[in-house]
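What follows is one structure encoded as structure tokens, with my remarks underneath.
Chain identifiers are assigned alphabetically (A, B, ...) following the order of the sequence lines, protein sequences preceding nucleic acid strands; residue numbering begins at 1 within each chain. The structure displayed is predicted, hence computed values, not measured ones.
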8 protein chains.
Amino acid sequence: MIEEIEVSRAIVENAVRDFLDCLEVDVAIAGGGPSGLVAARYLADSGAKVALFERKLSLGGGMWGGGMMYPRIVVQEEARFILDDFGINYRKERGQYIASSIESVAKLLSVAVDSGARLFNCISVEDVLVREKRVNGFVLNWSAVEAAGLHVDPLAVKARYCVDATGHPLEVCSIVCRKVGELNTPSGGVEGERSMWADLSEKLVVENTGEVYPGLYVSGMAANAVYGSPRMGPVFGGMLLSGKRVAELITKRL
Amino acid sequence: MIEEIEVSRAIVENAVRDFLDCLEVDVAIAGGGPSGLVAARYLADSGAKVALFERKLSLGGGMWGGGMMYPRIVVQEEARFILDDFGINYRKERGQYIASSIESVAKLLSVAVDSGARLFNCISVEDVLVREKRVNGFVLNWSAVEAAGLHVDPLAVKARYCVDATGHPLEVCSIVCRKVGELNTPSGGVEGERSMWADLSEKLVVENTGEVYPGLYVSGMAANAVYGSPRMGPVFGGMLLSGKRVAELITKRL
Amino acid sequence: MIEEIEVSRAIVENAVRDFLDCLEVDVAIAGGGPSGLVAARYLADSGAKVALFERKLSLGGGMWGGGMMYPRIVVQEEARFILDDFGINYRKERGQYIASSIESVAKLLSVAVDSGARLFNCISVEDVLVREKRVNGFVLNWSAVEAAGLHVDPLAVKARYCVDATGHPLEVCSIVCRKVGELNTPSGGVEGERSMWADLSEKLVVENTGEVYPGLYVSGMAANAVYGSPRMGPVFGGMLLSGKRVAELITKRL
Amino acid sequence: MIEEIEVSRAIVENAVRDFLDCLEVDVAIAGGGPSGLVAARYLADSGAKVALFERKLSLGGGMWGGGMMYPRIVVQEEARFILDDFGINYRKERGQYIASSIESVAKLLSVAVDSGARLFNCISVEDVLVREKRVNGFVLNWSAVEAAGLHVDPLAVKARYCVDATGHPLEVCSIVCRKVGELNTPSGGVEGERSMWADLSEKLVVENTGEVYPGLYVSGMAANAVYGSPRMGPVFGGMLLSGKRVAELITKRL
Amino acid sequence: MIEEIEVSRAIVENAVRDFLDCLEVDVAIAGGGPSGLVAARYLADSGAKVALFERKLSLGGGMWGGGMMYPRIVVQEEARFILDDFGINYRKERGQYIASSIESVAKLLSVAVDSGARLFNCISVEDVLVREKRVNGFVLNWSAVEAAGLHVDPLAVKARYCVDATGHPLEVCSIVCRKVGELNTPSGGVEGERSMWADLSEKLVVENTGEVYPGLYVSGMAANAVYGSPRMGPVFGGMLLSGKRVAELITKRL
Amino acid sequence: MIEEIEVSRAIVENAVRDFLDCLEVDVAIAGGGPSGLVAARYLADSGAKVALFERKLSLGGGMWGGGMMYPRIVVQEEARFILDDFGINYRKERGQYIASSIESVAKLLSVAVDSGARLFNCISVEDVLVREKRVNGFVLNWSAVEAAGLHVDPLAVKARYCVDATGHPLEVCSIVCRKVGELNTPSGGVEGERSMWADLSEKLVVENTGEVYPGLYVSGMAANAVYGSPRMGPVFGGMLLSGKRVAELITKRL
Amino acid sequence: MIEEIEVSRAIVENAVRDFLDCLEVDVAIAGGGPSGLVAARYLADSGAKVALFERKLSLGGGMWGGGMMYPRIVVQEEARFILDDFGINYRKERGQYIASSIESVAKLLSVAVDSGARLFNCISVEDVLVREKRVNGFVLNWSAVEAAGLHVDPLAVKARYCVDATGHPLEVCSIVCRKVGELNTPSGGVEGERSMWADLSEKLVVENTGEVYPGLYVSGMAANAVYGSPRMGPVFGGMLLSGKRVAELITKRL
Amino acid sequence: MIEEIEVSRAIVENAVRDFLDCLEVDVAIAGGGPSGLVAARYLADSGAKVALFERKLSLGGGMWGGGMMYPRIVVQEEARFILDDFGINYRKERGQYIASSIESVAKLLSVAVDSGARLFNCISVEDVLVREKRVNGFVLNWSAVEAAGLHVDPLAVKARYCVDATGHPLEVCSIVCRKVGELNTPSGGVEGERSMWADLSEKLVVENTGEVYPGLYVSGMAANAVYGSPRMGPVFGGMLLSGKRVAELITKRL
């Protein structure tokens, strides 16, 4: 027989235990889109303790909608192995690999979860923890608190490395640049995304992936946005490669 | 080299081909929550051509948020085999099975996709097709059209059987009852969900699963809502079993 | 030295422990306005385990604003002893007792807290638990979830007796009447508040206080609203007496 | 007999074929107001392959409302021949030509369509394609996606020449100036429209019509807004002449 | 030289003269969608004085968006001659005629204007004029007044016959049925549109076209909505035929 | 020298003294449109103590906007003497008297104020006071409280007679009919305004003016709305006569 | 007998005739608050042709609400004669003159109207007319057009002198400073209102009244806002004196 | 017997008397959160006449919600004595003191009220009074006026010292810096809060507490925000100590 309060107890206890266990992690990732999920998975695979925080109820970010709500994405040859790594099916046409955007989200999520990375939804990163010119954690709140216009204090989690994978609003970098100090960019600030040039942006997103402030890495669309590189379209290869790249860079330092 | 218009072409052509291929299916499902996804998968497994339409950008429905945004769900013994069937991990505590709500969505989606069911997002069912007192398809529109307040006509798809898996707003049943005819319920209308009684509602949701109007089945939370049964809480066993049940009922008739 | 994650841990652990401890109580009260707080205090004084749930961030309900935002309330002779009981200061003028509305809220809260009653804010009662024609608990959710328009399942708590002290929207009674069964009122439904007649309504609110459905009591403004009695103005004596009355009625049965 | 899915198929196939055929054009025009439509028509007449994208459901822009919702427009002598060219009726009064604003939109549209220009509605230009300091296409999305607040990637189309005919918000020029590089204006940026001086602005709008960035032309109200010229009132002669002018300038280079 | 106030004067004088000239007409039509425009044109062709009032800034109604924003419409054989009558181009595929939705609106408008019908935009019909159980005019207001939430009185125009061509909200019929008297329908009220059945609805829309209350005719989608017939999809033949039919019926009585 | 706090003191003291002086009046009027202002003036002229409460910041109601924002009103011969009584200028054309709507509001207000009637703005009537089946006062609140969505209690004022002059929403009658008892209308409820028939409605508005519930009179547009008479257009004669009529009826009983 | 269309005709013809007659005036005033109304009256008294445009439905501006919605205003000795001039009653207390805010608006309006000034409501000034570095008219639109979010062109009126009496948003000055040229202020721009210092601001508002750009005067609260003077409270003497002052300054030049 | 108008009279008279009595005080505090309440209490204890103005209906500020809606706060050893001073219960864990956020608000309020400080809700500080480079009072309005979008003038109160305790929007300091003159900060302006560093911010908040402009003090979260110090989390010790500190600093000068 199902006893409702046993259900309540099980849900709260298990979820809170998991959250408390993540108060101190190796890597904290802001943003549950493709680059965040890829990074989470490879970091977890390499043994790191990883927590990823997504503000929306659902993870997957801008990948769900494909291009103009046509639920397909395109991946170039260089990134095909990541599709294979995540078990995503694709079809080859004129040198490109085409996959379902819905399947891609589903598989990125499934594999990231199975890797041991901890995924949290409904939580937004509203600030960072700082110590002597270094980012060393996130300041979190329920995103529903903000949406409901409530005035409620946040809580903090600590991380050896933080990743901004929030896409082109690059929420964490914006906070750091406004409230902490200069970023590792030509102007010291956020450069902002340039107009679309798919071929170039796919290369740059991997090059731009890296540490923009002590303790803070940037990945995916946010990497291009912080360095003023062109925006990407519904080609997701660079995004996936950037997620893998940030995982490699951080793994070396753990 | 990536040529943007080749990306555009590949995405539109592939997605539209898939949509056109689904203008006539065996089963059309409204709602991409847990019961809809489970139904889609088992129907596809049995060889049916299945298309599922979800109005949100993301699929997964009310399962993402667990209970009160604590991302866990509970499943009872009777439904555990479905967790196994979809590869969802769980922990047993006091006779209940506890799983991550995020993982559960990811795995339901991944497996449903792999089964061959076709999943569409951003599309809402705004009406049904009728012929002589039988529902034989859905009338669809981009949900963004409605959200943007535009006046744009819908398009129609045909199906041998339709399933309302939209949860307690039971959107399709409401349309049928207002615009087509009496449902197979005591009052002939939508009875409306009663207050929570988890144990009972978990049993009833399976019993209530079935044909409520010629050509139209109801599954999951909508099944309880149409028959005036108690609502369910974050126990998802009944929901999953109902999805399986509707697949079995329809499979017999195909 | 202050370590942020120790702060996070302390806050979450203490609050969650308290919430879990309240999954099963003697009395659950919906609504943190004056009658709910008075009821909570006297019930706790008599040894009952009491939990009160308020949907707003702040407790105190409609008492904060006095009359037309003039922060004063009026109490008649019969209820003066409750002001004394809670240590609220007042001034006598023409047979009435006038107090600050802000002080009144502060003292009701302080004394209720000191009595051992457990007060929760930001949580709304979105449904009730039923078993065989008896209310035996509340179905709760973060009120921010609703305000943010998220689709997230609730959790349940169990109580031997429930009290609707939500004021004239009488939220719990409305749910019960729509989703459970007939109330103990002339029409079996919610009668709705009548126009203002302060003298009469102050008497009736005490008489109307009582059990409206097995397991569910009604108190304060909600008591008049459910029985179709006149509404009250910024005279709070009846409201306070009703809170005391519901505490007495339930105490006898515990 | 009408079969709904044949209707669906015909609509989707024909429209998508047309869209795919426009992935690469000679001229892409943003904005379906009078100057855009005039430009589209004369370009198509001269043999160019032209696609025009309007974000609203209806084309015609600010011409529908006449002056202060009085549905009339005024055209001066110099532009009368364009009214004749499009078959728009007018009446002469005190040296001005007065026409119905509704008829004017209808005829501009009809003739533009008959010229072979391809018109698309419900689509907004959210970015441009760039290559080595040259604009060579538009980045498009459903405008309903933006209105509905969805996070969905755009698609791109390629054009030898692009035209910003979006009126005084000059949407394309603003993007180019923020995300690509300096415009061919005194400040290198968007100057912004000055106060009304009808006589002067009617002359300047034709002079201002031209290439503001390699590959990008500006026409109509946007031409005055980008160069800081005075705004126009409900005199539409300059607007029409500007549309013709941009067509002539581009035709020479094709 | 352009003198702004001469522009102002010309616009106001011409537009107001036209409006005053339409204070008394033979036929007043509410709604500027396809059936209203077709009716206006054939009525004007037959010598009637016709005024059409549309609440939006643009005319064309639901035809602009084609099906699901794919800008194409379908017309069946029976109605092809109306496409020809209006000079709308089409392509034949599998027994259906496919036209551009944008061109169709443009041509319907152009031809209606050329027929001498008077078209007004930005004006909504907020009530009807009655005399002894007969509708004999419209009560008009700027639709912007309503949108801006202003409390401003309307003005009235008189007509021998009125037509509700407002589509499925059938705004005029709803007013008449609520504020004047019983309609000529089975229930005496508005029956409401049924679910889609394209073949049947295309036939019924012509049969349903007629007088629903002395002095008030119904045409197009509104004709099906008032009689409880199935809704139409993006097949516009019936709509066009209905517009022609209402013109014929009224012409006989003028 | 101006001392700000002396300004504050003077304003608060004078205004509050006036409000307190109006806690008990002969006649309380809800609604500061033309019929309310006319009634207030004639009642005050006859020696009654009158208070009028308007929810908006400005008084004048629907008269400001004339017809369709053309700031003119029309008055018929029978009511011309009221224009004269208030010093409103007019012009005679085809048997009607035409006045500026702005001047009319200004003069109605000026003369009403000079008559000694007390006018309050920003205050809404949210309920009535009742005693044994008689209305004997209003329950008031700041309308800003409602607009701001605050939960704040109202205050009450007593009156020998109350007048609902709130126009067609007839706010007070609606409250009485829902929360107090049956009105003196055929159905006992609010009949609702019928469609426009200016000639008839101008006559009926005077006949309908009277007592609809013990202690409650109705005047102006509300008088027609409560009895199901036709609505009026921008002809204000009946409205003015109704205001005079209600003043006469009440004066007899004072 | 009242014929509705005669009412419509009379209203439109009279109002439009008045508007057309005001296409060219001596003085055009933006803003119908106290300083605008005072200026309008004294200018009209001196024989000037004056038109005043107010964006709201009601005139009177910020005077309606007194101080904190207590409907009283205070005027100092120096400005008392203006109260007398307009027939406004007052009471003297501690050296100040206290009047009803509602009466004050009513009398300002009544007297301004009787002086022959033309008052228009529902119309906003969205731009100015310029000629060779001089403002010589206003560009007008229905304010409802803006509120309804419509894209509709404005119309223009010509004036020898223009007055910005729009209060502290100083709408016209902002436009001139952004779109025409430097104002006659220390910075050449709008300085912005400083914090309250009633005594000083009452003096400065008169001194600041004057020509800020060739052809454009500023009056009332806007005069202080443009020169960075302190804001005024509910003391209206300076405002009234400023209105008189601007009238005197302009009269000299006419 | 309760007479409603006696209730009205008692409430208005008592509240207004209190407000008028506070037109001139020793200390005026903006913001009813923890630091404002603590300051109010200690100032009142030392004999000062104190008035505190809160814009919300409820006082308590950001303390109600604890951390992420978990209703607990943490206080460090240094501030524990303030918990004792206010009678707030706590539990010690790992060197921190944990209290209920709801109890903390209740006790801060109760004790502040009992100290004789005057607390006002629903009132916002929209400006300051200035005299010769000194702040000497607040300019107040109902916050509902702003929320309702009304244009209503404020009233002023005078104070020897003013305190900005409005938290990180530091509303008063922002006004002073924009409309009065340079603050006593490095840049002369508002520096803005930096990212979270709990340990440091808890120290700095006390150091930052002080006079930022002649006559204006800053306290609590606002103290850190004005000086660019790190933000605090749900540790409230510094906030409480800052409230006590500002009280001490001002007391010395009274």
Strictly distance-based, threshold 3.5 Å: is any side-chain N or O of Glu4(H) a donor or acceptor partner for the main-chain N or O of Ala198(C)?
yes
Quick one: what part of Glu103(C) sits under 4.5 Å from any heavy atom of chain H, side chain, backbone, both or neither?
both
Is it the backbone or the side chain of Ala144(C) that comes under 4.5 Å from a heavy atom of chain H, or both, or neither?
side chain
Please look at Glu202(C) and chain H and tell me whether the side chain, the backbone, both or neither of the residue comes under 4.5 angstrom of a heavy atom of that chain.
side chain
To the nearest 0.5 Å, what is the distance between CG on Asn14(C) and OG on Ser100(H)?
10.5 Å
Take Ile73(H) and Ile11(C) through the test side-chain contact (heavy atoms from CB on, under 4.5 Å) and record every step on the way to the result.
CA-CA 6 Å; Ile73(H) 60 163; Ile11(C) 284 176; 5.7 Å; no
What's the verdict on side-chain contact (heavy atoms from CB on, under 4.5 Å) for Lys107(H) and Asp114(C), showing C-alpha distance, side-chain angles and the deciding distance?
CA-CA 10 Å; Lys107(H) 299 287 176 69; Asp114(C) 286 343; 2.8 Å; yes
Most contact-rich option vs chain H, by heavy-atom pairs under 4.5 angstrom, among Val74(C), Leu59(C), Leu109(C), is Leu59(C)
Let me know if Met63(C) has heavy atoms under 4.5 Å from chain H in its side chain, its backbone, both or neither.
neither
Most chain C-contacting option - heavy-atom pairs closer than 4.5 Å, from Phe120(H), Phe19(H), Trp197(H), Trp142(H):
Trp142(H)
What is the distance from atom CG of Leu57(C) to atom OG of Ser58(H), rounded to the nearest 0.5 Å?
7.0 Å
Value for OG (Ser8(H)) from OH (Tyr70(C)), rounded to nearest 0.5 Å, stands at 11.0 Å
Using a cut-off of under 4.5 Å on heavy-atom pairs, state which of Val113(C), Leu200(C), Asp199(C), Ile123(C) scores highest against chain H.
Asp199(C)
What option among Lys56(C), Met69(C), Arg9(C) has the most heavy-atom pairs under 4.5 Å with chain H?
Met69(C)
Only one of Arg91(H), Arg72(H), Arg94(H) forms a salt bridge (Lys or Arg N to Asp or Glu O under 4.0 Å) with Glu13(C), so which one is it?
Arg94(H)
Side-chain (Ser110(C)) to main-chain (Ala106(H)) donor-acceptor, under 3.5 angstrom:
yes
Roughly how far apart are Asn121(C) CG and Ile102(H) CD1, rounded to 0.5 Å?
4.0 Å
